[in-house]
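As a basis for the values below, the full set of heavy atoms in this structure was taken, side chains included, without hydrogen atoms, waters or symmetry mates. Letters A, B, ... are given to chains in the order of the sequence lines, protein chains preceding strands, and every chain is numbered from 1.
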2 protein chains.
Amino acid sequence: MTELYHLTGTQARDRIRDGKVTVEEYARSLLTRIQERDPLIHAWAYLNPERVIQQAKALDQISPENRGPLHGIAIGIKDVVLTKDMPTGYNSAIYKDAPSANVDAAAVLTLRAAGALIVGKTATTEFAASSEGGPCTNPHSPEHTPGGSSSGSGAAVADFQIPIALGTQTGGSMIRPGSFNAVYAFKPTWNAISRDGVSHFSVTCDTVGFFTRSVADLDLLASVFDLADDIPIPRSPFAVDKAKIAVAKTHVWPKAGPGLQAAWERAQALLVSHGAEVEEIELPENFSKLKEWHETILAGEGRASFRGNYLLSKDKLAPRVVGYVENKPSVSRRSLLDSYDGCAQLRPLWDNIVRQYDAVIVPSTVDEAPLGLAYTGDSSFCSMWTLLHAPCLNVPGFVGEKGLPLGLTIVGARYHDVHVLRAGKEIGAIFSSEGGFVSQIQ
Amino acid sequence: MTELYHLTGTQARDRIRDGKVTVEEYARSLLTRIQERDPLIHAWAYLNPERVIQQAKALDQISPENRGPLHGIAIGIKDVVLTKDMPTGYNSAIYKDAPSANVDAAAVLTLRAAGALIVGKTATTEFAASSEGGPCTNPHSPEHTPGGSSSGSGAAVADFQIPIALGTQTGGSMIRPGSFNAVYAFKPTWNAISRDGVSHFSVTCDTVGFFTRSVADLDLLASVFDLADDIPIPRSPFAVDKAKIAVAKTHVWPKAGPGLQAAWERAQALLVSHGAEVEEIELPENFSKLKEWHETILAGEGRASFRGNYLLSKDKLAPRVVGYVENKPSVSRRSLLDSYDGCAQLRPLWDNIVRQYDAVIVPSTVDEAPLGLAYTGDSSFCSMWTLLHAPCLNVPGFVGEKGLPLGLTIVGARYHDVHVLRAGKEIGAIFSSEGGFVSQIQ
C-alpha cells in the first residue's frame with residue numbers, strides 16, 4: 001500500500017494542491033515514519049516534531065493563490081547549513097549545544113520562500129570535512145555506511161522519511177551517499193546555488209545540491225533555484241534512442257570493485273539495447289593530476305577555513321581537521337596556486353569534451369557501500385568533477401555482490417545542469433527498472 | 001596630548017601587557033571618543049557600550065600567561081560578518097531588527113581567540129554590494145564620502161575610534177575607503193582569511209581584510225591569521241634604497257583625476273630620492289579585459305547570492321541587488337564561464353610579472369573622495385587586483401586639490417602577503433611623512 005510518506009516531492013505537492021491531503025496530514029505521515037525508523041537509521045541531527053506540525057499548519061493557512069512552487073514539500077537540511085529556527089551542530093563537539101543561528105542560509109531562504117516544509121537537520125560528518133562516519137546507517141543494510149558526508153540526507157530520502165534533502169559536496173559528499181543509498185543525488189555546477197550560510201571547507205569545491213527519489217523533483221528544484229542553461233546543448237529533447245553517449249572509466253578505474261565493473265558493463269548493454277551509440281572515451285593525460293590537485297586544495301583551503309575553530313577549541317576537533325590547520329599534509333602555498341591554475345585550465349577543456357556528446361557517464365563509487373559505519377567510503381571517482389565545477393547526477397539502479405545498491409554518474413559541462421537532468425530522466429528510467437537493484441525498503 | 005584612543009593596536013597591546021593600562025581603561029577612552037564623534041561620523045551600525053565594558057573587564061581577568069597576541073586590542077567588525085553577541089544588519093531593511101546570529105564568523109572566532117576586544121559592527125553599504133552610501137561620513141570632511149562598502153571600518157579607524165577594523169572587498173571596498181580616509185587597508189590574497197560567516201556577494205572576489213593606522217598592526221594580524229609566504233620573494237629584508245620598484249598606471253589611467261596625477265608624480269620622485277630604481281610598466285593588453293570580467297562575475301554570482309533574500313523580500317532590496325537576481329545586466333552563463341576562464345589564465349601571468357620587482361605600485365582611487373554621501377566612489381583601479389586574487393595594501397600619504405587624502409596601492413603576487421607588508425612598512429614611512437597629506441583629525 002502506498003503511504004503518504006512514499007510520495008516523491010512533486011507527488012506530495014500535487015496531492016496537497018488538489019486538496020486531497022493537507023500539509024499537516026502529510027507531515028504527520030512522515031513524522032510517524034521517522035519515529036519508526038530513525039532509531040535504526042539515525043539520519044537526523046535535529047528534529048522537533050512539534051515545530052514541524054506548527055510549520056505544516058501555518059502552510060495550510062496560506063491561501064491557494066499565495067502558495068509557492070514547493071508548497072508543503074518536506075525537505076531535510078544537512079546540519080552544516082544555518083537555519084533560523086533550528087540549531088546547527090556540524091557534528092562538532094564545539095557546537096553540540098549551540099543555539100539556533102536565528103538566520104537562514106541563502107538556500108534555505110529560497111526553499112522557505114517557495115513554500116517548503118523544513119523538517120529538520122540531517123546527520124553529517126564533522127564540518128562535512130571528515131570521512132569518519134556514524135551513527136547514521138544505510139537503510140538498505142544498517143551494518144553498512146550510508147556514505148558521507150551528507151549521510152543523513154542520503155539515508156533519510158532513501159528510507160522514505162522525506163522526499164528531498166539538501167546536501168553539500170566538496171569531494172564526493174553527495175554522489176557517494178546517492179550511490180550507496182540508491183537515490184538521485186544532484187551536485188549542480190559550482191556556485192549555481194549560493195553557499196551563503198553553509199559551513200566553509202574548500203571554497204573552490206564546496207557545492208550545494210539535493211537528494212531525491214525522482215528526477216521530476218530535481219527539475220522542480222532547478223526551477224526554484226533558477227538553474228537554467230543558456231549555452232547551446234547538443235540535442236534537445238533528450239532521448240536514449242540514437243543518443244551519442246560517452247562512458248569514461250577515468251584514471252581512477254584501477255580502484256573499481258566487482259560491483260562497479262558489473263554495473264559498468266550492464267549500463268552500456270542497456271544503453272545500446274535502447275538504441276544509444278555508446279563510445280568509451282579516455283580523458284586527456286593531465287586529468288590524472290586532478291586527484292592530487294583536489295587534495296592539495298582541500299588541505300590548503302581547509303587550513304584557513306578551520307583556523308577559527310582550531311584556536312577556539314583545538315581539543316574538540318577531529319584529527320583530520322586539526323591536521324589541516326597545522327598543515328600536516330605539508331601543502332605549500334606554491335603548490336596550492338599551482339593546483340588552482342592547473343585545474344582552471346582543465347575546466348574549459350572538459351566542457352569542450354562533454355559538449356561533443358548527448359551525455360557522459362562515469363562511475364559514482366568504487367563499489368557498493370563498504371561494511372561498517374566508521375568509514376564513509378572512497379570519493380576518488382567524484383572529486384575530479386567537483387574540482388572541475390561540473391554538474392553531476394548520481395543515477396541509481398545497479399547492484400553489488402552483497403545485494404546493496406550502487407549508481408553511476410551523468411556528468412555535464414558547467415552550467416549544463418538542466419541538460420544533465422534531462423538525460424538523467426531518460427537514462428534513470430532505464431537503469432532503475434533494468435539495472436538489477438530492487439529495494440527492500442517498504 | 002596623546003590619548004589612549006590615539007594608540008595603534010600594537011601600542012595599546014604593549015601598554016596593556018606592561019600593566020600601564022587596563023583593557024577597561026582603554027575601552028572607556030575609545031567609547032568616549034566614539035560618543036563624541038559618532039554623531040558626526042556615523043561609523044557604527046551597532047555598538048553596545050555596556051557589552052564592550054563587560055568584555056573588557058572579562059579580558060582584564062585573564063591571567064597574563066593565558067593572554068593572546070591581540071589581548072585587549074579593540075577591533076570593529078563590518079556589519080556583513082556574523083558575530084555571536086551582536087546583530088548583523090547588512091545595511092538591509094530585511095535584517096533591520098534581526099537578532100544576533102549566536103555564532104561568530106571564522107575570522108571573528110580567530111580574533112576573539114587571540115584576545116581581541118570586539119567593539120561593534122561598522123557601517124556598510126547594503127550587503128556590501130551597493131555603492132549607495134550614507135549615513136557614514138568621511139572624518140576628514142563630513143560632506144565627503146568615506147568610500148565603501150567598508151565605510152564604517154575605514155572611517156572609524158581614521159577617526160581614532162578604534163585602531164583596527166575588519167572589512168571586506170569584492171571590488172574596491174577596502175582599498176577605496178583606505179585611500180579616502182588616509183589609513184592602511186590590507187586586502188590579502190583571496191581566501192587567505194576564511195570568509196565563513198561573511199555575507200556572500202561574489203565568491204570569486206569576496207575577500208576579508210583589515211584597516212589599521214600602522215603596518216605593525218597588520219604584521220600582527222598576518223601572524224594571527226597565519227598569512228605566511230612560502231614562495232621565494234625577490235629580496236629580503238625590503239629597503240627602498242636600491243629597490244627595483246615598478247609603477248603601473250593600468251588601463252584605467254584615463255580616469256585619473258588631478259589628485260591622483262600629482263600623487264603619482266610625487267610618489268615616484270620620493271622613491272627615486274630615497275634610492276629606488278623606478279620603472280614604469282605596461283600591463284599586457286588582455287589585462288584590459290579584467291574590468292569587464294569583474295562586472296560579469298559580480299553580476300553572475302550576485303544572481304545566485306541574493307536569490308534567497310529576493311524571494312523573501314524583493315521590495316526591501318536595493319535596485320542593484322534586485323537587478324542582479326533578475327539578471328538586468330543580461331549576463332549569460334556562457335559569458336560568466338568565459339570570464340572565469342579568462343581571469344584564471346591571467347593570475348599566474350600577473351604573479352610572474354610582479355615577482356620581477358621588489359614592489360609594484362598602482363593607483364588606489366581615481367582621486368580624493370568625491371563630494372556627497374550618496375555615491376561611495378569609483379572602484380575601477382581596485383577591481384582587477386581583487387579578481388586576480390592579488391594582495392593589495394593601500395598606503396596613505398598623498399593629498400588632492402581639496403586637501404583630502406588619497407593613497408596608492410602596493411600590489412603583490414598571490415600569497416606574497418608578508419612581502420607586501422614589508423614593502424608597505426618602508427614605503428609607507430616615506431609616503432606618510434613626505435607625501436603631503438597632513439591630517440587635521442586630533
Checklist entry - What residues of residues 99-112 of chain A sit under 4.5 Å from chain B when only non-hydrogen atoms are counted? => result A:Pro99, A:Ser100, A:Ala101, A:Asn102, A:Val103, A:Ala106, A:Leu109, A:Thr110

Item to check | chain B contact residues among residues 77-84 of chain A, heavy-atom distance under 4.5 Å | outcome: A:Leu82

Checklist entry - Between B:Thr189, B:Thr88, B:Asp230, which shows the greatest number of heavy-atom pairs under 4.5 Å with chain A? => result B:Asp230

Next on the checklist: Tell me whether A:Arg333 is salt-bridged to B:Asp417, with the criterion being a basic N under 4.0 Å from an acidic carboxylate O.
Outcome noted: no

Checklist entry - Between B:Val198, B:Leu337, B:Thr204, B:Leu312, which shows the greatest number of heavy-atom pairs under 4.5 Å with chain A? => result B:Leu337

Next on the checklist: Less than 4.5 Å to any heavy atom of chain A: does that hold for the side chain of B:Phe306, its backbone, both, or neither?
Outcome noted: neither

Checklist entry - Could you give the distance from CG (A:Asp351) to CG (B:Asp341), rounded to the nearest 0.5 Å? => result 7.0 Å

Next on the checklist: Just so I understand: if I count every heavy-atom pair under 4.5 Å between each of B:Glu301, B:Gln345, B:Arg347, B:His389 and chain A, which residue has the most?
Outcome noted: B:Glu301

Item to check | Rounded distance (nearest 0.5 Å) linking atom NE2 of A:His200 with atom NE2 of B:His200 | outcome: 3.5 Å

Checklist entry - What part of B:Tyr340 is in contact with chain A, defined as an atom under 4.5 angstrom from a non-hydrogen atom: side chain, backbone, both or neither? => result side chain

Checklist entry - Are any of the side-chain heavy atoms of B:Asp196 and A:Phe127 separated by less than 4.5 Å? => result no

Checklist entry - Among B:Ala192, B:Ser199, B:Ala98, B:Ala114, who wins on heavy-atom pairs under 4.5 Å with chain A? => result B:Ser199

